[in-house]
Amino acid sequence: MKSVLPKGVILHRRYSVEHVLGIGGFGITYAAFDLAGREWTAVKEYFPGEWAVRMPQGNQIVPESPEKGRFYQHGMKTFYDEAERLVNLQKIPDVVNVRDFFPENGTVYLVMEMLKGHTLRDYMRCRGIKAMSPAEAGKIIKAAGMALTQVHGYGYLHRDVGPDNIMLTSAGRVCLIDFGATRVYALNSAKSMSVLVKPGFAPIEQYSRSGKQGPWTDVYALAATYYFMVTGEKPPGAPERIAGARVTPLEAKVPGIPGYLSRAVERALSEDWRKRPRSVFDFLGEMGLLGKAYVKLQARGRDAFYYFMPDDSLSIGRETGKSNVVLHDSQVSALHCKIWYDGGEDRFLLANYSGNYTYTSRGILHKGQSIWLIRKDWFYIQTKHARYIFYPEVR
């Protein structure tokens with residue numbers, strides 16, 4: 001039975017398939033020309049090879065058996081739901097732009113912008129680079145990490161960060177591609193597990209459906225990617241580490257690398273998720289990739305100044321244990337919002353964690369949303385007692 005769509009097939013009465021760009025465990029990605037938009041796109045077809053086959057007549061995909069049909073349908077729903085979510089991430093410049101999605105041929109298709117460039121792994125391979133300098137690798141990890149921070153701000157995880165899913169485009173972008181939610185529903189067979197995770201880049205919680213996943217899961221993968229970039233080697237796989245294999249610290253493998261950077265990566269690669277940085281931005285701060293800044297608070301006729309923490313972040317809320325800037329106001333959430341400073345781009349990222357709004361000079365933030373601010377922008381928290389106005393600045 002054939003496995004890929006033939007050249008010239010028209011999908012959704014709009015996308016003309018040209019050739020295969022890549023085949024993975026859960027799908028096939030094609031180069032396709034958008035006949036309506038008159039531009040090239042990348043179209044990803046949900047096609048888990050372990051569960052389904054393509055019929056010899058036509059392009060229909062069907063499950064191999066009733067038992068596998070349950071997994072196939074569940075995975076297809078996950079693929080479709082993730083497509084809906086990814087459309088919401090179009091405002092993030094360093095995440096691949098998802099433009100369309102639709103059911104057809106018994107499966108689901110996802111239409112993305114066509115990126116010109118190379119994956120990080122191909123970039124290193126094509127240029128004969130076994131290992132990058134810490135400075136060059138840091139620039140790429142910072143860009144990917146900033147994109148991940150915004151993805152997490154929308155309440156989503158990537159789940160498949162690695163050298164194959166970070167694109168370096170010809171336009172100079174560092175772009176996240178190929179989100180991995182569908183992998184959660186792989187079968188519990190040895191073959192499925194090899195598809196479910198990328199050994200060396202996936203933490204132990206991704207080897208179990210009951211594993212506790214969160215932003216710290218992507219932190220581990222990002223740290224493993226940096227480790228690979230500066231050593232040319234991936235860390236030992238999570239099961240091997242549980243069995244006793246150890247990750248050699250970067251200080252012992254990369255001459256001259258700063259000790260704080262080695263320790264930051266080592267902490268981010270902790271087997272226990274509770275010992276890792278809770279956010280990608282915290283990890284970038286520990287790596288020393290962010291700058292210094294402060295906020296000026298105006299409230300009740302008084303000014304106060306708060307300098308950013310060592311990781312270049314400030315948490316704002318009602319409870320001392322959760323916030324660096326404590327507002328003694330019962331209507332302020334325990335952790336209301338958090339702001340980070342990106343010294344390389346001289347800008348601030350503000351994220352709202354509260355069910356109440358955070359108001360900014362660029363719009364209103366609802367719970368889980370984030371926005372970029374620059375100097376001279378402002379944001380505030382409004383309660384019946386006071387308006388707390390913050391002005392981010394740099395010394």
Side-chain angles (χ1 to χ4, degrees), residues 1-63 72-119 121-122 147 151 156 158-160 162 164-171 173 175-183 185 195:
M1 293 188 179
K2 63 182 180 181
S3 60
V4 302
L5 292 172
K7 178 179 179 179
V9 166
I10 306 297
L11 297 173
H12 206 46
R13 295 181 295 182
R14 176 170 179 172
Y15 304 102
S16 177
V17 172
E18 176 64 23
H19 60 266
V20 172
L21 293 173
I23 299 177
F26 286 86
I28 303 174
T29 304
Y30 305 88
F33 190 71
D34 181 355
L35 300 173
R38 307 301 300 172
E39 62 181 351
W40 286 100
T41 64
V43 176
K44 186 173 182 179
E45 177 184 56
Y46 172 67
F47 189 0
E50 188 174 351
W51 303 337
V53 295
R54 198 186 303 275
M55 299 299 290
Q57 302 298 324
N59 300 310
Q60 197 81 3
I61 296 175
V62 297
Y72 178 81
Q73 294 297 330
H74 197 174
M76 184 165 63
K77 182 179 185 304
T78 302
F79 187 92
Y80 188 89
D81 291 345
E82 178 157 275
E84 285 189 305
R85 290 193 292 269
L86 292 178
V87 169
N88 295 329
L89 302 182
Q90 292 188 55
K91 294 180 180 179
I92 303 177
D94 294 329
V95 172
V96 63
N97 194 333
V98 175
R99 297 176 175 170
D100 195 6
F101 60 97
F102 52 89
E104 196 167 317
N105 296 329
T107 186
V108 174
Y109 295 87
L110 180 66
V111 182
M112 302 166 286
E113 64 177 316
M114 176 69 79
L115 296 174
K116 295 180 180 179
H118 299 279
T119 65
R121 188 186 296 277
D122 286 343
V151 169
Y156 307 148
H158 189 286
R159 292 190 175 95
D160 200 22
D164 297 310
N165 290 333
I166 296 176
M167 280 285 290
L168 307 181
T169 75
S170 55
R173 291 171 60 193
C175 200
L176 295 176
I177 63 172
D178 201 14
F179 285 57
T182 308
R183 291 164 177 78
Y185 300 103
V195 175

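Throughout, residue positions are numbered sequentially from 1 according to the sequence presented.
The aromatic rings of His158 and Phe179 are tilted relative to each other, their planes meeting at an angle between 30° and 60°. Between Trp40 and Phe33, the ring planes lie perpendicular to each other; the angle is over 60°, past the 30° to 60° tilted range.
Between Phe26 and the options Trp51, Tyr72, Phe79, a ring pair (Phe, Tyr, Trp, His ring centres under 6.0 Å) holds for only Trp51. Of the listed residues (Asp100, Thr41, Asp34), just one forms a side-chain hydrogen bond (donor to acceptor under 3.5 Å, both in side chains) with Tyr15, and that residue is Asp100.
A salt bridge does not link Glu82 to Arg159: none of the charged nitrogens lies less than 4.0 Å from a carboxylate oxygen. Salt bridge Glu104/Arg14: absent, no basic N to carboxylate O contact under 4.0 Å. With salt bridges taken as basic N to acidic carboxylate O contacts below 4.0 Å, one links Asp81 and Lys77.
Judged by distance alone, the side chain of Gln60 and the main-chain N or O of Met55 form no donor-acceptor pair under 3.5 Å. For the pair Thr169 (side chain) and Gly117 (backbone), a donor-acceptor distance under 3.5 Å is absent.
The shortest heavy-atom contact between Asn59 and Arg54 is O-NH1, 3.2 Å. Taking each heavy atom of Tyr30 and Val4 in turn, the nearest pair found is OH-CA, 3.6 Å. Here the closest non-hydrogen pair linking Val95 and Cys175 is C-SG, 3.6 Å. When every heavy atom of Met167 is checked against every heavy atom of Thr119, the shortest pair comes out as SD-N, 3.6 Å. Residues Thr29 and Ala42 come closest through the heavy atom pair CG2-CB, 4.2 Å. Here the closest heavy-atom approach between residue Ser3 and residue Ile28 is recorded as O-CD1, 3.3 Å.
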Apply side-chain contact (heavy atoms from CB on, under 4.5 Å) to the pair Val17 and Val43, showing each step before the final yes or no. CA-CA 8 Å; Val17 172; Val43 176; over 6 Å; no
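Between Thr78 atom OG1 and Tyr46 atom OH the span is 7.5 Å, to the nearest 0.5 Å. Leu11 contributes atom CG, which lies 5.0 Å from atom CZ of Phe102 (distance to the nearest 0.5 angstrom). The CG atom of Asp160 sits 10.5 Å away from the CD1 atom of Ile166 when rounded to the nearest 0.5 Å.
Met112 has its side chain out of reach of Ile177: every pair of non-hydrogen atoms, C-beta onward, lies at least 4.5 Å apart. With a 4.5 Å cut-off on side-chain heavy atoms, Phe101 and Val87 count as touching. The closest side-chain heavy-atom distance from Leu176 to Asp94 is not below 4.5 Å.
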